[in-house]
There are 2 protein chains.
Amino acid sequence: MEDALIKEHLPGWRSTRQRAALLRALREAADFVSATDLHAALTADGAAIGLTTVYRTLRVLERTGHVDVTREKTGERLYRPRPADGHRHYLVCRRCGHSRPVEADSVERWVENLAASTAFTAVEHTLELTGVCGPCQSGGTSSPE
Amino acid sequence: MEDALIKEHLPGWRSTRQRAALLRALREAADFVSATDLHAALTADGAAIGLTTVYRTLRVLERTGHVDVTREKTGERLYRPRPADGHRHYLVCRRCGHSRPVEADSVERWVENLAASTAFTAVEHTLELTGVCGPCQSGGTSSPE
DNA sequence: TTCGTTGCAAAAGGTTTGCATACCA
DNA sequence: TGGTATGCAAACCTTTTGCAACGAA
């Protein structure tokens, strides 16, 4: 039944137990997660999958635009399924890791103008936003900022 | 004579041959360079300095705001001395690596408003811009995009 | 003399690859 | 059956750390 999920995300790809499990776990995560996080969650759920396969599958999902990627300060890559409405910028809580898409049309437009005014072409951008979310300010989740 | 350079950048720090050489090399580079690039350049110039020292010194320069940092797709860190006018965003050529600061006040303001409208506080941002610079479009430097 | 600094070698940490095996179509 | 996908172990790369020796003040 996960076949549909695979056909939708990876047309032309073989449907395997591992890929189905990974896509499911990725959807459930909702927020940004690392490859090792996903692997740990899958293993805990009893799904047998190698870490290598997790990396390989995430890399393809990244190339095909099905997940957005950010980097921790440590350099670790974090993945999140890209919302259907095409949002691509997120505000991530430094304390709990929760993320929410933000509307960044004005930045997109600014980037377009930049190309026009600088002699640079094919301008691409990466925008990473972090902060402390409401719940973490009051309640105060454990880990330090 | 490089003492002045060190006192200016790192008040309270000991002036060593290695630090002087690193600051000089960093200034000469102008564009973004990696730790290993710097180390190679220094070694080629006959300056004896350990790679460890390069990393350690760059880390401090980063913390004290004397250099700006970006990340290659590979995860490698690249450093560039921060201009006197406090610019913090750069447009980097994907072909030759040349970078130029860009005026991004409108983005800065957008980020400030974001904090007000999302219940997130202490919002920080990272903006990376890449493109293909004028000379690389016509002349065409070697390496692929 | 003191204590910050250096540098080697080794560790760390995340990601990728070689290669034999397993399995989808 | 054919060729893709998987998984283990090992390789890779950049960055960090332990520790003894060095040297600026």
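By convention in this document, chain letters (A, B, ...) are assigned in the order of the sequence lines, proteins followed by strands, and residues within each chain are numbered from 1.
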Measure CG/A:L51 against C1'/C:dG14 and give the value in whole Å, please. 9 Å
For residues 37-59 of chain B, which residue pairs qualify under ring-ring contact (aromatic ring centres under 6.0 Å, His included), counting only residues two or more places apart or in two chains? none
Give a yes/no on whether any side-chain N or O of B:T36 is located under 4.0 angstrom from OP1 or OP2 of D:dT14. no
Rounding to an integer number of Å, can you tell me how far B:R19 CZ sits from C:dG4 P? 11 Å
Just to confirm, is there a sub-4.0 Å distance from OP1 or OP2 of D:dG7 to any side-chain nitrogen or oxygen of A:Q18? yes
By nearest atom, which of the nucleotides C:dA25, C:dT15, C:dC3 is closest to the A:R14 side chain? C:dA25
Ring pair (Phe, Tyr, Trp, His ring centres under 6.0 Å) between A:Y79 and A:F32, intermediate numbers included: CA-CA 5 Å; A:Y79 304 84; A:F32 280 99; 8.8 Å; no
In whole angstrom, give the distance that lies between atom CZ of A:R77 and atom C1' of D:dC13. 12 Å
Rounded to whole Å, CD1 of A:I49 lies from P of C:dA22 at a distance of 18 Å
Check DNA chain D against residues 52-63 of chain A and give the residues with a non-hydrogen atom under 4.0 Å, in numerical order. A:T52, A:T53, A:R56
Spacing between A:D37 atom CG and C:dG13 atom C1', to the nearest angstrom: 14 Å
Ion pair check, B:R94 and A:E124, cut-off under 4.0 Å: yes
To the nearest angstrom, how far is B:R71 atom CZ from C:dT15 atom P? 11 Å
Chi angles and distances behind the side chain to side chain contact (heavy atoms under 4.5 Å, CB included) call for B:L26, B:L61: CA-CA 11 Å; B:L26 198 52; B:L61 288 171; 3.9 Å; yes
Please state how far atom CG in B:L22 lies from atom P in C:dG7, giving the value in whole angstrom units. 11 Å
Does A:R71 have more than 12 heavy atoms from other residues, nucleotides or ligands lying within 6.0 Å of its CZ? yes
Here the distance between atom P of C:dG14 and atom CG of A:L38, to the nearest Å, is 14 Å
For A:E108, which residues count as a side chain to side chain contact (heavy atoms under 4.5 Å, CB included) partner, sequence neighbours excluded? A:H89, A:H125
Comparing B:E76 with B:W13, nearest DNA chain D nucleotide closer to 5' gives the residue B:E76
Basic-acidic side-chain contact under 4.0 Å: A:R82, A:D68: yes
